[in-house]
Amino acid sequence: MERATLSPSLNQSYLFSPSRASTTRLHSFSFTRNLSPSSSSSIKLKHSSSSVSSSSFINGGASLTRCNAVMSNSSSSSKDVTEVADIDWDNIGFGLKPTDYMYVMKCNLGGEFSNGELQRFGNIEVSPSAGVLNYGQGLFEGMKAYRKQDGENILLFRPEENATRMRSGAERMCMPAPTIDQFIEAVKATVLANKRWVPPAGKGSLYIRPLLMGTGAVLGLAPAPEYTFLVYVSPVGNYFKEGVSPINLIVESEFHRATPGGTGGVKTIGNYAAVLKAQAVAKAKGYSDVLYLDCIYKRYLEEVSSCNIFIVKDNVVSTPEIRGTILPGITRKSIVDVARSQGLKVEERNVTVDELLEADEVFCTGTAVVVSPVGSITYKGKRVSYGEGSFGPVSEKLYTVLTSLQMGLSEDTMKWTVNLS
């Protein structure tokens, strides 16, 4: 099984403390593909302090930390085990917890991204007339890293899919984008630099947030002259307060998430601001989230605020087809493949709200939620409940298969995971 491992050619890196007046270039981490997943190489970081003087992107102090990354090809001893952050892993929830480092890379309009660097996690400085602030020229991705039961190895899940989706979204938003290799290397470097923040096995995951933003100054409506690609991370637990208990959704027929010909099919930042109003109203009434319908006929399912939707009827799994108004979720795509691998029939098609109300099971999928069972749907004042307060048999099976693969508890026959050791 093919895995990604650190190349023995990695020799040194420079990690930065935030400063408005200091920065320098990071020597990129180097990775290679290795057909053997059993490499026992590990990284040891040796710290020394110095200072530099040049322009910076970050607010904060002025210290520079140099880290020499030394490869060890021997088996890890107890003293080599990576430190784990001292926090209450049983109650981390889903919220931002500042970590140690973020990755930054810049590019001019019409140019190519290069010279990425790790910097201390902190505030960023942009012009008030930045394209992302004035015209919403921005994209983001969501990914997770899991610590395996051995406590040392860390798994990424299908990072090339996120890289590909960002490039597709960037084309729609008139933005340059990192190459797939640059994207994946940046993610790997950020995860390894924040390794102590990856929760212990079974306690959660390290949420990874790559951002692509028009940070150059622009006044008239036009693509920004400069772009920033940034990756930061945060340890997280369950997205919904219910955890893996069923959530309760309300169908929204007046507010709409996306329109044909718009940007609903790409992960642009504006798509999410548009759902906040309906979501706030729903949560004030006690619902977990909102399920949106198409804006033309108002009868076909689209998606939840930040999740794709599935229904199960007579062991047939159905989900709305990707048609430009629905985000092509990577967890969605994975669940479709897993379901078919388990012998289930899967249909990607128009799904009506009437079918939803008659379904045997309903569940949501997304990076943050993975798979979340739906306990009830409320539509035009009518509430329909599903199951007995837990997963249905089909959704439970799909959840178990997918999460076991993501966490390294089962053999990755799909070749979806990338191992960082």
Side-chain angles (χ1 to χ4, degrees), residues 3-6 10 13 15 29 31 37 39-45 47 67 69 71-72 76-103 118-121 140-160 162 183-211 230-239 243-244 330-331 366-370 402-410 412 416-421:
R3 300 276 188 169
T5 59
L6 280 168
L10 173 66
S13 235
L15 307 180
F29 283 101
F31 296 86
S39 171
S40 59
S41 297
S42 62
I43 299 178
K44 302 175 185 177
L45 296 179
H47 298 80
C67 291
M71 296 305 302
S72 171
S76 296
S77 63
S78 59
K79 67 180 180 180
D80 294 331
V81 176
T82 302
E83 175 194 358
V84 176
D86 184 20
I87 63 176
D88 183 1
W89 294 112
D90 292 318
N91 296 288
I92 53 177
F94 197 97
L96 178 65
K97 291 168 183 62
T99 52
D100 298 325
Y101 299 103
M102 60 187 184
Y103 188 99
L118 284 168
Q119 299 179 1
R120 273 289 186 178
F121 179 83
F140 74 90
E141 281 295 323
M143 311 166 63
K144 283 181 175 179
Y146 294 88
R147 190 181 297 275
K148 295 183 69 174
Q149 288 186 317
D150 62 13
E152 183 66 19
N153 288 283
I154 293 172
L155 293 179
L156 299 178
F157 184 70
R158 309 190 78 175
E160 72 286 348
N162 295 90
F183 181 102
I184 295 174
E185 181 173 326
V187 168
K188 289 176 177 177
T190 309
V191 171
L192 288 173
N194 293 285
K195 190 172 183 178
R196 72 191 188 97
W197 293 98
V198 182
K203 299 294 186 180
S205 59
L206 188 71
Y207 189 84
I208 307 163
R209 175 56 60 84
L211 294 167
L230 186 152
V231 184
Y232 71 91
V233 297
S234 175
V236 297
N238 292 315
Y239 181 76
V244 293
I330 293 160
T331 309
T367 298
V369 303
V370 188
L402 182 62
T403 54
S404 294
L405 190 155
Q406 290 177 322
M407 298 177 189
L409 300 176
S410 62
D412 181 11
W416 284 345
T417 57
V418 175
N419 187 63
L420 305 181
S421 60

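Considering all non-hydrogen atoms of both residues, Val233 and Thr99 come closest at O-OG1, 3.1 Å. Taking each heavy atom of Val187 and Pro210 in turn, the nearest pair found is CG2-CG, 4.4 Å. The two atoms that bring Val191 and Ala145 nearest to each other are CG1-CB, 4.2 Å, heavy atoms only. Residues Lys97 and Ile87 share a closest heavy-atom pair of CD-CD1, 4.5 Å. Residues Thr331 and Thr367 come closest through the heavy atom pair OG1-N, 3.4 Å. Pairing each heavy atom of Glu152 with each of Lys195, the nearest pair is OE2-NZ, 2.7 Å.
Contact of the Tyr146 side chain with the Thr403 side chain is not registered, since no non-hydrogen atoms from C-beta on lie closer than 4.5 Å. At a threshold of 4.5 Å between non-hydrogen side-chain atoms, the residues Phe94 and Val369 do not count as touching. By the 4.5 Å heavy-atom criterion applied to side chains, Glu160 and Ile184 are counted as neighbours.
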Identify each donor-acceptor pair in which a side-chain atom of residues 198-207 lies under 3.5 Å from a protein atom, sequence neighbours left out, and give them as a table.
{"residue": "Lys203", "atom": "NZ", "partner": "Asp90", "partner atom": "OD1", "Å": "2.5"}
{"residue": "Tyr207", "atom": "OH", "partner": "Arg209", "partner atom": "NH2", "Å": "3.0"}

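Rounded to the nearest 0.5 angstrom, Met102 CE and Leu211 CG are separated by 10.0 Å. Distance CG/Leu155 to CG/Asp412: 8.0 Å, rounded to 0.5 Å. Atom CG of Leu420 is separated from atom CG of Asn153 by 8.5 Å, given to the nearest 0.5 angstrom.
Partners of Trp197 under the ring pair (Phe, Tyr, Trp, His ring centres under 6.0 Å) rule, at least two apart in sequence or in another chain, do not exist in this structure. Taking Asn91 as the reference, Asp88 meet the side-chain hydrogen bond (donor to acceptor under 3.5 Å, both in side chains) condition, with sequence neighbours excluded. Every residue two or more places apart in sequence or in another chain that forms a ring pair (Phe, Tyr, Trp, His ring centres under 6.0 Å) with Phe140 is listed here: Tyr272. With sequence neighbours excluded, the residues forming a side chain to side chain contact (heavy atoms under 4.5 Å, CB included) with Ser404 are Thr400, Leu409, Ser410, listed by chain and number.
Side chain of Asp100 to main chain of Phe121: no donor-acceptor pair is present (N/O by atom type, distance under 3.5 Å, no hydrogens or angles). Judged by distance alone, with hydrogens and angles left aside, the side-chain atoms of Asn162 form no donor-acceptor pair with the main-chain N or O of Glu141 at under 3.5 Å.
Checked against Phe157 for a side chain to side chain contact (heavy atoms under 4.5 Å, CB included), the options Leu405, Val370, Val418 give a single hit: Leu405.
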Full working for side-chain contact (heavy atoms from CB on, under 4.5 Å) between Tyr101 and Gln119: CA-CA 5 Å; Tyr101 299 103; Gln119 299 179 1; over 6 Å; no

